[in-house]
Amino acid sequence: MQNLIIEYVFLILIILGLVMVANKLRIAYPIVLVIGGLILSFTARFSNITINPEMVFFIFLPPLLYEAAWQVSWKEFWKWRRVIMSFAFPIVIITSCVIAFTSYAVIPGFTLALGFLLGGIISPPDAVSATTIMRQVKVPKSLLSIIEGESLLNDASSLIVFRFALLAVITGQFNFQQAALSFVLVIVMGTLIGIAVGFIFYAIHKWLPTTTSIEIVLTLVTPYCMYYAAEHFHFSGVLAVVSGGVFLSRKRQSILNYQSRIQGINVWTNIAFVLNGLVFFLIGLQLPSITQQLGDDISLGKAILYGLSISLILIIARFI
């Protein structure tokens, strides 16, 4: 346990150094972190670090989504709601379909179910990279609001595509009618559970004798409760955190005093920075683990070529 803590402290120091390099070069730091992770993955010390998917989803996803929900302006979100909804759901699903059929046609032995699995993973744009880059090139505020609003919801649609594709891969069967019904149920129930849990925490903040420290700790616990409650019943934990986060964000003036809001923003900004840094850096460190699982049928060069080809098609599809 002690060695694990020291290892992650060392990782955070490396991440801080890479972020400073990115700021010096005026490059979005997620790009530098992934590249840095790729380079360090060839060293003996970092070649054995792997990601547990369940750990990433449960530890990293809820607080990052919750922090994003608090940062988004509800006024701008509501103003651009139609565009945001079309980006987050139809466009992500259509892009997933494009990737599914393209990968099925391009990669030998790749099934359509695996194609949808890949499409669900890569179709939603990353919120941190997008907003970081856009703030550097000074795009219109409306476009930034749309991208930030979409980032709250597109993970939900992509994870739903991923879930049904994974089921098809495992079972070898896919029922469109059942999938469509489950899709609606997962979205609606996930949203309702998030709002319900959010109301419970709203009541705690509003009517119990809390202090500034208690209120900040409660905000740290809230996204995990929302996510776990929804996932426990096999609904969308992502939408639960987003809907509950937006609900509490709108009520923040009435449940948090000015000290809690100011200190809470500082705490959450730093936590989100560390978590985002760890995620992107760990993604880069996965290269040895990925290459070991390629097998004898495909070389690393071919895998990179397929990856670049599908990335190009994804970008073109997204522009269209």
Side-chain angles (χ1 to χ4, degrees), residues 3-53 55-73 121-122 124-139 141 143-145 147-152 154-155 216 219-220 223-224 241 245 261-290 307 311 315:
N3 291 335
L4 185 64
I5 293 172
I6 292 171
E7 190 173 71
Y8 272 90
V9 169
F10 190 49
L11 284 178
I12 290 171
L13 290 174
I14 294 173
I15 289 166
L16 294 177
L18 290 172
V19 171
M20 285 188 275
V21 171
N23 292 338
K24 185 71 175 176
L25 299 175
R26 295 188 178 182
I27 301 173
Y29 75 83
I31 298 171
V32 176
L33 288 175
V34 172
I35 294 172
L38 286 170
I39 294 169
L40 288 173
S41 68
F42 291 102
T43 63
R45 183 175 180 83
F46 295 100
S47 60
N48 61 345
I49 295 179
T50 57
I51 292 177
N52 182 334
M55 182 193 75
V56 171
F57 277 130
F58 187 71
I59 294 178
F60 291 92
L61 198 58
L64 290 175
L65 287 170
Y66 193 73
E67 193 266 344
W70 274 68
Q71 292 297 330
V72 167
S73 166
I121 294 168
I122 67 174
D126 172 67
V128 178
S129 299
T131 52
T132 304
I133 292 169
M134 285 188 169
R135 280 171 180 156
Q136 288 179 353
V137 296
K138 296 180 181 178
V139 299
K141 185 182 177 182
L143 186 57
L144 188 61
S145 298
I147 296 299
E148 288 180 340
E150 182 206 354
S151 69
L152 284 175
N154 61 15
D155 283 334
I216 293 172
T219 64
L220 297 175
Y224 291 104
V241 175
R261 292 198 299 271
I262 293 171
Q263 292 183 30
I265 288 171
N266 293 330
V267 169
W268 270 100
T269 300
N270 292 316
I271 287 175
F273 170 73
V274 171
L275 291 178
N276 273 313
L278 280 170
V279 167
F280 287 111
F281 192 64
L282 288 171
I283 288 171
L285 291 177
Q286 298 313 293
L287 184 60
S289 175
I290 293 168
S311 297
I315 293 167

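What you see below is based on every heavy atom in this structure, not just the backbone, and it leaves out hydrogens, waters and symmetry mates.
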Please give me the minimum heavy-atom distance between Y66 and T219, naming the atom from each residue. CE2-O, 3.6 Å
Between A22 and V32, what is the shortest heavy-atom contact and its length? CB-CG2, 3.6 Å
When every non-hydrogen atom of G36 is compared with those of L18, the smallest separation belongs to CA-CD1, 4.1 Å
If I take atom CG from residue N266 and atom CZ from residue R261, how far apart are they, to the nearest 0.5 angstrom? 13.0 Å
Can you tell me how far CG of L285 sits from CD1 of I290, rounded to the nearest 0.5 angstrom? 10.5 Å
Gap between atom CG of L220 and atom CD1 of I271 - 0.5 Å precision: 4.5 Å
Which distance, rounded to the nearest 0.5 Å, do you find between the CZ of F273 and the CG of L278? 10.0 Å
Taking all heavy atoms of G245 and all of W70, pick out the closest pair and write down the distance. O-NE1, 3.7 Å
Which atom of N154 lies closest to which atom of P124, heavy atoms considered: CG-CB, 3.5 Å
For the residue pair Y224 and F58, does the interplanar ring angle fall in the parallel (under 30°), tilted (30 to 60°) or perpendicular (over 60°) class? tilted
Please report the C-alpha distance between I15 and F280 in whole Å, then the side-chain angles of each, then the deciding distance to 0.1 Å, and finally whether the side-chain contact (heavy atoms from CB on, under 4.5 Å) criterion is met. CA-CA 9 Å; I15 289 166; F280 287 111; over 6 Å; no
Picking from I6, I14, I12, what satisfies side-chain contact (heavy atoms from CB on, under 4.5 Å) with F10? I14
How many angstroms lie between CG in N276 and CG in L33, if you round to the nearest 0.5 Å? 9.5 Å
Heavy-atom closest pair, residues L275 and P63: CD1-CG, 3.6 Å
